[in-house]
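What follows is a short report on a single structure.
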Amino acid sequence: MLDIKYIRENPDKVKKGIEAKNEKNRIDEVLQLDEERREIIVQVEKLKAIKNSVSSQIPKMKKAGEDTTAVLAEMKEVSNQINGFDTKLRDIEDKLNDMLMLIPNLPHESVPVGKNAEENVVVREWLPEGFSLESDKKFLDHVELGKKLNILDFERGAKISGSGFPVYMAKGATLERALINFMLDFHLNEHSYTEVLPPFLVNRESMKGTGQLPKMAEDMYYIEKDDLYPIPTAEVPITNLHRKEILNENDLPKSYVGYSACFRREAGSYGKEAKGFLRVHQFNKVEMVKLVKPETSYDELENIVSDAEDILKALKIPYRIVLLCTGDLSFSASKCYDIETWSPAENKWLEASSCSNFEDFQARRASIKFRRESQKKPEFVHTLNGSGLATSRLMVSLLENYQTTKGTIEVPEVLRKYTGFSIID
RNA sequence: GGAGAGGUGGGAGAGUGGCUUAAUCCACUGGUUUGCUAAACCAGCGUACCUUUACGGGUACCGGGGGUUCGAAUCCCCCCCUCUCCGCCA
């Protein structure tokens, strides 16, 4: 969330930022509540100070044999007043907090202003050697390929769970596992991350910490009986690893990479765009998460993007980097690059990764701080994350790009030591 | 799921209604002293919020939330977590 002090001092900047994200701003209400809140605090704390000082006098008076009935009665009245103010204060603070939790993060100044995805900016494009987006070849799409080669079973997935729960079969399952292991190993060996294998169910606090709650509740699965949420991304448990902690300056940056299954309800998004892997309720993802010092976070964002790109270069899958405009930016993000991989069958780019800088937005919600050696007061870290990458979308591009004219799939070179086979037929 | 024990400041640990709005020790930071280091001694030592131009002042926080009381770490109620034993189980 945003700092209430910052909102108080820069209401116009805040309003402008929220509007650029196409969200309604209720900043004037927030400021109103904030003012009421502070007025009450001043009053109630004054009373509490009186209560404390008188209370400490009472035992002394008793000892001296003085009559305390008048003071006691007076203090009873003070206590009642305090209770009244406290109740009122709690109501206001709850209301204020609820509103603050729904205010999105502000876009960074380097983010292009725009209404929606159409105004995103393509930053760069990478194609494997000799590859062309224009092709006369006939491409089967990943659903057809998966069916023909018996490696993906969407129908049976729908039978056992529902639509959007794909089953990987035979070499398809092995390929998926290979992909996950390859990506993890690559980030561990070529980049320096610490591996985390987190819980896939988290509590409400964690979901609030990274910003999925309260706003995105409809898109989250929820296990009512235990008040737990299946994670929509490993970002949630990994970022929350250090919730309510004060780290040392030299502990930073913290760079984590972890695999998890991801669960998303994707409420209201059935139809064409949901074919096969394009929109699923459960998928696998390797996620990178960083906790960094504020002054380094925008450099680190570029690093995360480049770390994700390295995977695609190694796999030789065509991709492009897209800088999201303000209108397409997610609730918690200040700046975000999407990485899109090429689907020759769909003849379009598919989002396979999203790399974001959240600045101190999540850190403030989750209270993740660090202390500079020279300075005493703890500061919020900046948090970032990026998919490195989501296997579902990646699998679409991989299968389609690596299909041969015979309808078989060639396994990318770098994956072969993980799969143990070089062709799927 | 059942029974029991426990959760206090960075760590250890005291504290069962007001001479404690948390003792003491260790760690940490600064200082004094001493050829150097160490030791010793002195001082400081958390987080959040409110207030103040500033120096400063105030309030809250002893797992979380309620309650009793003029006053709660301490008493009462609910919840969470950890540990031990039993049961069940991949």
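We use all heavy atoms of the structure for the numbers below, so side chains are in, but hydrogens, waters and symmetry mates are not. Proteins come first, then strands; the chains are lettered A, B, ... in the order of their sequence lines, and each starts at number 1. Treat the numbers as computed from the prediction; the structure is a model and nothing was measured.
- A/Asn52 has a side-chain polar atom (N or O) that falls below the 4.0 Å cut-off from OP1 or OP2 of B/U59.
- Proximity of A/Arg371 to the phosphate of B/U47: a side-chain N or O atom is located under 4.0 Å from OP1 or OP2.
- Counting only N and O atoms by type, the side chains of A/Glu19 and A/Asn25 include a donor and acceptor under 3.5 Å apart.
- In this structure, A/Lys244 reaches neither bases nor backbone, as no heavy-atom distance under 4.0 Å exists between it and the strands shown.
- Aromatic ring pairs are classed by plane angle as parallel below 30°, tilted from 30° to 60° and perpendicular above 60°; the pair A/His242 and A/Tyr256 is parallel.
- If you check every strand for non-hydrogen atoms under 4.0 Å, A/Val71 touches nothing.
- As judged by a 4.0 angstrom heavy-atom cut-off over every strand, A/Arg8 is placed among residues touching the sugar-phosphate backbone only.
- Nearest-nucleotide mapping onto RNA chain B: of A/Ile50 and A/Ile4, the residue sitting toward the 5' end is A/Ile4.
- The partner of B/U29 is B/A43, by the rule that a Watson-Crick or G-U pair needs both atom distances under 3.5 Å.
- Aromatic ring pairs are classed by plane angle as parallel below 30°, tilted from 30° to 60° and perpendicular above 60°; the pair A/Tyr193 and A/His191 is perpendicular.
- Nucleotide B/A23: unpaired (no Watson-Crick or G-U wobble partner with both distances less than 3.5 Å).
- More than 12 heavy-atom neighbours from other residues, nucleotides or ligands sit within 6.0 angstrom of CD on A/Glu302.
- Base pairing annotation: B/C85 forms a Watson-Crick or G-U wobble pair with B/G2, both donor-acceptor distances under 3.5 Å.
- For the pair A/Met75 and A/Arg90, nearest-nucleotide mapping onto RNA chain B gives the more 5' position to A/Arg90.
- Across all strands shown, B/G18 forms a Watson-Crick or G-U wobble pair, both distances under 3.5 Å, with B/C70.
- Across all strands shown, B/A48 forms a Watson-Crick or G-U wobble pair, both distances under 3.5 Å, with B/U59.
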